[in-house]
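Because the structure is predicted, anything quoted here is derived from the model rather than measured. To find a chain, count down the sequence lines: A is the first, B the second, and so on, and within it residues start at 1.
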2 protein chains.
Amino acid sequence: MAKALREPKTTAAQATARLRHAGLRPTRQRVELAGLLFQNGDRHVTAESLHDEVTTAGVKVSLATVYNTLHQFTEAGLLRQVIVDAARGYFDTNTGDHQHFFLEKEGLLIDIPGESIAVAGVPTPPAGLSVDRVDVVVRVRRN
Amino acid sequence: MAKALREPKTTAAQATARLRHAGLRPTRQRVELAGLLFQNGDRHVTAESLHDEVTTAGVKVSLATVYNTLHQFTEAGLLRQVIVDAARGYFDTNTGDHQHFFLEKEGLLIDIPGESIAVAGVPTPPAGLSVDRVDVVVRVRRN
DNA sequence: CAACGAATTAGAACGATTCTAAAGTGTGAG
DNA sequence: CTCACACTTTAGAATCGTTCTAATTCGTTG
């Protein structure tokens with residue numbers, strides 16, 4: 001009963017610093033979301049899942065803001081969008097070189113470190129095109 | 001002016017045969033769509049693009065039927081769904097082992113033959129999971 | 001060619017995402 | 001420290017692709 005605050009001050013401070021670095025105003029909502037996203041290791045979220053999480057944590061943030069924030073974080077290089085499912089957009093806090101296992105049934109993403117996987121034999125793209133990125137999705141199922 | 005029919009009889013006949021083989025009733029709409037999809041080499045379509053195409057060809061098929069048909073063809077193994085874009089579902093008439101270049105800006109998919117590309121070092125999936133398929137998307141941009 | 005199950009359809013419904021316009025909030029100047 | 005203003009947030013409407021619904025139409029088999 002001594003301490004009602006949910007997050008240690010350090011997390012908020014770190015989140016604020018990170019936002020400033022990225023050129024984003026550290027608003028209450030952004031700090032809150034950044035805290036959830038970045039305080040523990042790599043995470044994969046959807047707008048909906050993050051909104052649920054922040055709401056459950058007792059913080060009022062609109063779904064529209066969650067969408068805005070995810071996109072702003074992505075533009076700022078703090079997040080990476082992962083396209084694996086036609087129905088849902090995923091965001092990954094791991095912005096480094098890596099790939100994914102995807103368990104479609106449950107909407108579960110699991111990182112595969114970039115070093116462990118290698119794609120060989122990618123042909124030269126047709127004239128006028130250049131490679132932006134190579135995404136590998138290993139679709140898995142429960143057995 | 002002698003010949004107003006758009007498709008040679010052979011195409012319709014081939015399409016009909018293909019549908020019968022797949023255990024699908026050769027209805028007017030399905031024959032029409034199968035004709036468009038399979039008479040020339042490999043193709044990538046969205047429901048919308050195929051609907052536009054069939055409509056432009058002067059045939060009346062509802063969008064719902066295009067969706068139904070694409071899914072039925074996919075279940076029957078005549079098509080393969082390709083997930084590259086969060087906003088749109090693509091269907092590929094090439095059901096063999098291969099990968100894709102994807103030009104996001106224009107929604108353009110280009111096949112990469114399965115033999116030319118190789119993915120090495122895919123880790124064993126976490127316990128209880130087994131690999132279903134490995135998808136590689138080479139995202140490209142105009143330069 | 002009748003009859004029955006399968007397929008098609010228009011339009012409503014849906015879920016995810018984006019937009020809109022109005023209200024609220026960081027921040028830098030003074 | 002306060003104010004003003006640009007930037008943010010928000011609720012709710014709108015939009016997009018897709019799926020569903022219930023009624024109609026069509027292929028097939030007897």
Side-chain angles (χ1 to χ4, degrees), chain A residues 12-13 15-36 44-55 59-76 78-79 81-91 104 107 109, chain B residues 12-13 15-36 44-55 59-76 78-79 81-91 104 107 109:
Chain A
T16 301
R18 198 189 289 257
L19 290 173
R20 283 230 156 76
H21 258 274
L24 295 167
R25 271 201 204 177
T27 65
R28 177 179 65 78
Q29 294 84 337
R30 298 214 269 230
V31 170
E32 210 58 68
L33 294 171
L36 290 173
H44 303 98
V45 301
T46 63
E48 199 95 19
S49 80
L50 184 58
H51 182 245
D52 285 358
E53 189 177 340
V54 76
T55 300
V59 180
K60 241 191 94 201
V61 179
S62 76
L63 185 55
T65 297
V66 173
Y67 274 104
N68 290 341
T69 302
L70 287 172
H71 288 138
Q72 290 151 0
F73 284 11
T74 300
E75 263 175 53
L78 301 175
L79 291 177
Q81 206 161 359
V82 182
I83 295 168
V84 284
D85 191 330
R88 251 177 199 17
Y90 287 85
F91 293 84
E104 191 156 16
L109 271 176
Chain B
T16 301
R18 198 189 288 257
L19 290 173
R20 283 230 156 76
H21 257 276
L24 295 167
R25 272 202 204 178
T27 65
R28 179 178 64 80
Q29 294 82 338
R30 298 213 270 229
V31 170
E32 210 57 70
L33 293 172
L36 289 173
H44 303 99
V45 302
T46 63
E48 199 96 19
S49 80
L50 185 57
H51 183 245
D52 285 359
E53 190 177 341
V54 76
T55 299
V59 180
K60 241 190 95 201
V61 179
S62 77
L63 185 55
T65 296
V66 173
Y67 274 104
N68 290 340
T69 302
L70 287 172
H71 288 138
Q72 290 150 359
F73 284 11
T74 300
E75 262 175 55
L78 301 175
L79 291 177
Q81 207 161 359
V82 183
I83 296 169
V84 285
D85 191 331
R88 253 177 200 8
Y90 287 85
F91 292 85
E104 192 157 17
L109 272 175

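Phosphate proximity of C/dG28 to A/R25: absent, as no side-chain N or O sits under 4.0 Å from OP1 or OP2. Considering only side-chain N and O atoms, A/Y67 lies under 4.0 angstrom from the phosphate OP1 or OP2 of C/dT17. Between A/T27 and the phosphate of D/dT9, there is a side-chain N or O to OP1/OP2 separation shorter than 4.0 Å. Distances shown here put every side-chain N or O of B/Q29 at or beyond 4.0 Å from the OP1 or OP2 atom of D/dC26. Dashed line: the shortest gap from a side-chain N or O of A/R30 to OP1 or OP2 of D/dT9 is under 4.0 Å. At the phosphate of D/dT18, neither OP1 nor OP2 sits under 4.0 Å from any side-chain N or O atom of B/R88. A/H71 has a side-chain polar atom (N or O) that falls below the 4.0 Å cut-off from OP1 or OP2 of C/dT18. Residue B/T65 has no polar side-chain atom (N or O) positioned under 4.0 Å from OP1 or OP2 of C/dT8. Side-chain nitrogen and oxygen atoms of B/R28 include none within less than 4.0 Å of the OP1 or OP2 phosphate oxygen of D/dC26.
A/A87 comes within 4.0 angstrom of the backbone, heavy atoms only, and of no base.
Put simply, the side chain of A/R88 does not reach to within 4.5 Å of the side chain of A/E48, judged on heavy atoms. Contact of the A/T55 side chain with the A/V61 side chain is not registered, since no non-hydrogen atoms from C-beta on lie closer than 4.5 Å. The shortest side-chain heavy-atom distance between B/F91 and B/L50 does not fall under the 4.5 Å cut-off.
Distance from the side chain of B/N68 is smallest for C/dT8 among the nucleotides C/dT8, C/dG26, D/dG17. Side-chain proximity of A/L63 to C/dT17, C/dT8, D/dA11: nearest is C/dT17. Residue A/K60 places its side chain closer to D/dA11 than to any other of D/dG27, C/dG26, D/dA11.
A distance of 9.5 Å separates CG of A/N68 from CG of A/L63, quoted to the nearest 0.5 Å.
Atom CD of A/E75 is surrounded by 12 or fewer heavy atoms from other residues, nucleotides or ligands within 6.0 Å.
The residue among B/A86 and B/G23 whose nearest nucleotide of DNA chain C is located toward the 5' end is B/G23.
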